[in-house]
**Student:** 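Pasting a structure here, questions to come.
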2 protein chains.
Amino acid sequence: MFTAEEVVAKIRECETAGGNPMKITPQRRLIFKALEGKTTHPTADDIYREVKDIIPDISVATVYKTLNELVKLGILLELKHDGEQSRFDPRTDQHSHLMCIGTRTNEKGRAVPCGRLEDVSTSFPQLTVPEEEQRGFQVAYNEVIFYGYCPECQQRLGK
Amino acid sequence: MFTAEEVVAKIRECETAGGNPMKITPQRRLIFKALEGKTTHPTADDIYREVKDIIPDISVATVYKTLNELVKLGILLELKHDGEQSRFDPRTDQHSHLMCIGTRTNEKGRAVPCGRLEDVSTSFPQLTVPEEEQRGFQVAYNEVIFYGYCPECQQRLGK
DNA sequence: TTCGCTGCAAAGGGTTTGCATATTG
DNA sequence: CAATATGCAAACCCTTTGCAGCGAA
């Protein structure tokens, strides 16, 4: 939940590990813009393909590096929950996710996950681990993921 | 939560997609044994290294294929929540997990996740997605992951 | 005897890295 | 001007696949 300009402003305030704030390059500005207001949880490759239309010789490496920086700064959330590509979420407030577990068959006859991922505004800070099962862990936060079938997969799979 | 023999028995009852039950080979029996009662959530490679001591020329491919079969049969749970290797859990009843978010620096000076993963007996079937956020999804189940620092990482990182 | 399984090595896919060069602050 | 970022290609890591021969039922 941010605009590209807000990201630029936030970055100018921040310090990275090295001590200096990230530099703002045209490539990065474009990546921020691509993330702006997105609720689709794009993959790095989604972002890459989108910015490539404007700066055709941008490299995937640049996209990955930039996204990783934003994650480190806490401006972006990285979701790595299906064993597939990471997905990125510009929304960083406490919320949950709803993920589709349907699969479809690709050209090579292989099952590929639908992977549709949606935000759910609710969070569940009240959930706790029973004392006797904490094993000395210092719990920082929790995450709730709801799994199910999206409307398209219900129809396709006859669920 | 099973013994190798229970797995064998369960498999003999099952039918695979092809119609016939999986065959029980010495390699597979050994893999079942390696999983028996394990609460450490081993990776495929952990299992591979363990069985390799007994059948030295077993291949990783065999381990992966066998684990995947067990997952398909619902005898084993695959956890793919850190973007790292999948971890396997012989416990298939409803439960939650506690994962360490600490990192350590490896020989190459890179941050690698601790990744310690523990079972938590509690599950939270009562959690639901507000109607207006379901977007037509048919929710099947949910998963709760508690993140925090394990005792070792607390000490090492001074948390 | 018939499928399914094995080990091997190669392919796959997503992500990261190393490096020479170009840019930002 | 110093410190970072860029693009490229190669490297990485985990996992899967294709295949010829072997072995369970």
Side-chain angles (χ1 to χ4, degrees), chain A residues 8 11-32 42-49 51-52 55-72 78-88 106-113 115, chain B residues 8 11-12 14-31 42-49 51-52 55-72 78-88 106-113 115:
Chain A
V8 172
I11 284 174
R12 300 227 195 263
E13 294 164 13
C14 293
E15 301 212 340
T16 57
N20 299 315
M22 293 171 62
K23 291 184 175 173
I24 311 297
T25 64
Q27 289 88 334
R28 289 183 166 178
R29 228 180 256 278
L30 201 55
I31 292 169
F32 304 159
T43 63
D45 196 62
D46 291 335
I47 298 293
Y48 171 63
R49 289 202 312 273
V51 298
K52 203 176 168 59
I55 303 186
D57 61 354
I58 193 171
S59 105
V60 230
T62 298
V63 174
Y64 275 102
K65 286 170 187 163
T66 301
L67 294 175
N68 286 340
E69 289 302 319
L70 295 184
V71 170
K72 271 192 213 135
E78 182 172 6
L79 307 170
K80 12 171 63 167
H81 288 295
D82 48 0
E84 304 294 308
Q85 292 121 286
S86 283
R87 292 166 167 279
F88 296 88
N106 71 5
E107 329 77 50
K108 293 171 192 157
R110 306 220 174 93
V112 298
Chain B
V8 171
I11 284 173
R12 300 227 195 263
C14 293
E15 302 213 338
T16 57
N20 300 315
M22 292 171 64
K23 291 183 177 174
I24 312 296
T25 63
Q27 290 88 335
R28 288 184 168 178
R29 226 180 258 277
L30 201 56
I31 293 170
T43 63
D45 196 62
D46 291 335
I47 299 294
Y48 172 62
R49 289 202 311 274
V51 297
K52 203 178 169 56
I55 303 185
D57 61 354
I58 193 171
S59 106
V60 231
T62 298
V63 173
Y64 274 103
K65 285 171 188 163
T66 301
L67 295 175
N68 286 341
E69 289 301 319
L70 294 184
V71 170
K72 271 191 214 136
E78 181 172 5
L79 308 169
K80 12 171 61 169
H81 287 296
D82 48 0
E84 305 293 307
Q85 291 120 286
S86 282
R87 292 164 168 279
F88 295 88
N106 72 4
E107 329 77 50
K108 294 171 191 158
R110 303 218 176 94
V112 298

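Both backbone and side-chain heavy atoms feed into the values below; hydrogens, waters and symmetry mates do not. In the text below, chain A, chain B and the rest are named by the order of the sequence lines, each starting its count at 1. These figures come from a predicted structure and were not determined experimentally.
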**Student:** Report yes if at least one side-chain N or O of T62(B) is closer than 4.0 Å to OP1 or OP2 of dG7(C); otherwise report no.
**Tutor:** yes
**Student:** Can you check whether E78(B)'s main-chain N or O pairs, donor with acceptor, with R87(B)'s side chain at less than 3.5 Å?
**Tutor:** no
**Student:** Less than 3.5 Å between a donor and an acceptor, one on the side chain of K65(A) and one on the base of dA5(D), is that the case here?
**Tutor:** no
**Student:** Could you check how far CD of E84(B) sits from P of dC12(D), rounded to whole Å?
**Tutor:** 17 Å
**Student:** Send over the distance from I58(A) CD1 to dT23(C) P, rounded to a whole Å.
**Tutor:** 14 Å
**Student:** Tell me: CD of Q85(A) to P of dT15(D), nearest whole Å?
**Tutor:** 16 Å
**Student:** Kindly indicate whether the side chain of I58(B), heavy atoms from C-beta on, has any atom under 4.5 Å from the side chain of Y48(B).
**Tutor:** yes
**Student:** Just to confirm, is there a sub-4.0 Å distance from OP1 or OP2 of dT16(D) to any side-chain nitrogen or oxygen of N68(B)?
**Tutor:** yes
**Student:** In terms of side-chain heavy atoms of K23(A), which of dT15(C), dA2(D), dG23(D) is nearest?
**Tutor:** dA2(D)
**Student:** Over how many whole Å does the gap from D82(B) atom CG to dC13(D) atom P extend?
**Tutor:** 16 Å
**Student:** Rounded to whole Å, please give me the gap between CD1 in I55(A) and P in dC8(D).
**Tutor:** 12 Å
**Student:** May I ask you to verify if any side-chain N or O of Y64(B) is less than 4.0 angstrom from the OP1 or OP2 atom of dT16(D)?
**Tutor:** no
**Student:** Could you check if a side-chain atom of R12(B) sits within less than 4.5 angstrom of a side-chain atom of P21(B), using non-hydrogen atoms only?
**Tutor:** no
**Student:** Ignoring backbone atoms, test whether Q27(B) places a side-chain nitrogen or oxygen under 4.0 Å from the OP1 or OP2 oxygen of dG7(C).
**Tutor:** yes
**Student:** So, OP1 or OP2 of dT6(C): does either fall under 4.0 Å of a side-chain N or O from T25(B)?
**Tutor:** yes
**Student:** Would you mind telling me which residue lines up with the more 5' stretch of DNA chain C, R110(B) or E78(A), judged by nearest nucleotide?
**Tutor:** E78(A)
**Student:** Need to verify one output field. Residue with the more 5' nearest nucleotide on DNA chain D, P26(B) or S86(B)?
**Tutor:** S86(B)
**Student:** Without decimals, in angstroms, what is the distance between K80(B) NZ and dC13(D) C1'?
**Tutor:** 15 Å
**Student:** R12(A) has an atom CZ; how far is it from atom C1' of dT4(D), in whole Å?
**Tutor:** 14 Å
**Student:** Could you work out which one of dC8(D), dC5(C), dC8(C) sits closest to the side chain of M22(B)?
**Tutor:** dC5(C)
**Student:** How long is the line joining NZ of K72(B) and P of dT15(D), in whole Å?
**Tutor:** 15 Å
**Student:** Going by distance alone, is a donor N or O of one side chain under 3.5 Å from an acceptor N or O of the other, for T62(A) and Q27(A)?
**Tutor:** no
**Student:** In Å, rounded to the nearest 0.5 Å, how long is the span from CD1 of I11(B) to CG of L70(B)?
**Tutor:** 5.5 Å
**Student:** For a quick test of reading the model: is some side-chain N or O of R28(B) closer than 4.0 Å to OP1 or OP2 of dT6(C)?
**Tutor:** yes
